[in-house]
Number of protein chains: 2
Amino acid sequence: MIQVQTSLNENVVPIAEKGDESRFGAILDAAEYIFASSGYEGAKMRQIAENAGVAQGLIHYHFGNKEKLFESMVARRSGHINNRRAKLLDGLFVDSTTPSLEDVVTALFRPTIETGLSMAKDGGSFSRILVSFANSAAPREQGLAERYYDPIARKFINAFHEIEPRLTKADAVWAYMFAIGVGMTMMAKTGRSLRLSDGVCDDGNIDEMLKKIVIYICGGIRALIENTEN
Amino acid sequence: MIQVQTSLNENVVPIAEKGDESRFGAILDAAEYIFASSGYEGAKMRQIAENAGVAQGLIHYHFGNKEKLFESMVARRSGHINNRRAKLLDGLFVDSTTPSLEDVVTALFRPTIETGLSMAKDGGSFSRILVSFANSAAPREQGLAERYYDPIARKFINAFHEIEPRLTKADAVWAYMFAIGVGMTMMAKTGRSLRLSDGVCDDGNIDEMLKKIVIYICGGIRALIENTEN
DNA sequence: GTCTATAGTTCGATAGAC
DNA sequence: GTCTATCGAACTATAGAC
């Protein structure tokens with residue numbers, strides 16, 4: 001029996017509040033950008049400090065060490081995004097209506113994308129952090145994925161099963177995992193599709209890509225259903 | 001017009017030949033394992049030397065520096081795998097037969113998987129290296145992806161278009177990108193599906209996963225075809 | 001809360017013996 | 001071809017002034 005965990009780590013929020021005049025937020029912004037560009041090991045505290053316009057020592061004063069800085073950065077952004085994802089998903093089921101598979105898959109990705117687009121510079125940074133979560137088996141990444149992303153994942157898995165009852169519970173999990181895999185193609189923005197299509201397929205065009213991956217993912221899920229052995 | 005590059009970097013082969021009694025191969029094996037476990041920046045030359053049972057200086061004697069060691073490791077394994085992929089794909093089109101989409105997608109992944117399975121210990125290492133290629137926008141990874149993987153990618157993209165002429169050339173590229181994204185779910189072996197399904201969905205069961213992703217990917221591609229605006 | 005200065009460690013790479 | 005020993009640079013983290 002697949003059990004659902006509904007709490008969404010809403011307790012984990014940024015320590016800095018609105019009106020905070022410290023350099024707290026600037027450090028987190030810089031950390032997000034540098035970690036996304038260079039990876040955890042490749043990111044240097046000096047580089048983050050320089051990008052944030054603060055002394056290196058200040059980062060340690062606020063966050064203690066590199067690992068805690070990383071988790072704080074993840075907690076801030078994921079908390080905001082996943083609350084929006086949960087509300088969007090729940091909103092699809094009001095008045096006992098059954099949403100389309102397309103609606104659910106769109107709700108899976110849109111808040112992350114829109115949060116990125118709403119940011120002043122390089123809104124794709126946090127998406128790249130998420131890509132590293134989805135694809136790393138390392139304890140740090142899987143630990144954070146478990147803590148900050150598994151609860152909302154279980155909600156989407158349940159939604160898949162609820163609107164497509166012929167999808168087995170196991171296949172609902174696979175449907176989720178594969179959807180994330182396809183989504184990472186959009187989030188990673190490697191530019192490879194541009195190369196392979198000689199300039200035609202632009203992975204920087206988020207709106208077009210979202211439409212494509214929703215079609216693809218829903219087609220994949222329906223194929224899983226049709227191939228279920230009864 | 002999407003152009004095809006058919007050369008497969010067959011010129012890039014391991015420098016060490018059969019019967020080579022040097023520690024050359026042992027270093028590459030250790031590098032593959034350590035780079036896969038820790039990432040490029042996280043991998044330490046000391047750690048690779050220790051794992052290979054050689055002195056650190058010997059790695060520099062053979063490979064010059066860390067970056068060249070990394071590329072040599074990629075070149076050795078990708079050369080072997082991609083030659084097998086190309087032969088398998090070409091074999092599907094002999095006697096002017098048209099293979100199924102399922103056959104082509106299987107040919108996309110099977111050689112990588114089987115090469116891993118044939119290895120004594122931790123055959124999943126190189127798959128993890130590939131995951132980092134597929135999802136990193138960093139120059140090192142995209143440079144190696146372009147050099148060692150774009151040529152074979154173009155062959156598969158053309159195969160998609162050839163057996164499904166209603167698939168636009170652009171959508172054939174998306175079909176390839178998304179297939180790789182789904183495949184990464186299998187190659188990364190993060191163990192997340194096991195968590196999310198409470199032990200039911202094992203991403204370590206390669207045979208079962210390959211069947212699943214082939215069904216899913218083909219369903220996704222057919223959905224792209226059906227949604228083409230004419 | 002923020003800075004400068006630096007301690008203590010670890011890294012990639014090299015020199016030179018065998 | 002392989003080893004030991006070590007250099008110089010760069011890293012995380014801390015101490016202490018303001």
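Computed from heavy atoms alone, side chains included, the values below leave out hydrogens, waters and symmetry copies. Within every chain, numbering begins at 1; the chains are lettered A, B, ... in the order of the sequence lines, protein sequences first and strands thereafter.
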Per the under-4.0 Å heavy-atom filter, residues of residues 32-45 of chain B near DNA chain D come out as none

Among residues 48-59 of chain A, which contact DNA chain D at a heavy-atom distance under 4.0 Å?
A:Gln56, A:Gly57

Please round to the nearest 0.5 Å and tell me the distance separating atom CG of B:Leu88 and atom CZ of B:Arg110.
8.5 Å

Would you find more than 12 non-hydrogen atoms of other residues, nucleotides or ligands less than 6.0 Å from B:Phe126 atom CZ?
yes

d(B:Asp203 CG, B:Lys212 NZ) to nearest 0.5 Å is 14.5 Å

Can you tell me how far C1' of D:dG1 sits from CD1 of B:Ile27, to the nearest Å?
10 Å

Test your reading of the model: is there a side-chain donor-acceptor pair from A:Ser118 to the backbone of A:Thr115, 3.5 Å cut-off?
yes

Rounded distance (Å) that lies between atom P of C:dG12 and atom NZ of B:Lys68:
16 Å

When rounded to the nearest 0.5 angstrom, what is the spacing between CG in A:Asn135 and CG in B:Asn135?
4.0 Å

Winner on side-chain proximity to B:Lys66, out of C:dA13, C:dC3, D:dT2, is C:dA13

With a 3.5 Å cut-off and no angle check, do the side chains of A:Tyr40 and A:Glu141 form a donor-acceptor pair?
no

Any side-chain N or O of B:Tyr61 under 4.0 Å from OP1/OP2 of D:dT2?
no

Minimum heavy-atom distance B:Ser127-B:Thr112, with the two atoms named
OG-CG2, 3.9 Å

Look at the side chain of A:His60 and decide which nucleotide, out of D:dT14, C:dT14, C:dT2, has an atom nearest to it.
D:dT14

For A:Arg23 and C:dG1, is the shortest distance between a side-chain N/O and OP1 or OP2 below 4.0 Å?
no

How close or far is atom P of C:dG1 from atom CZ of A:Phe63, stated in whole angstroms?
12 Å

Output field: ring centroids A:Phe24/A:Phe63 closer than 6.0 Å
yes

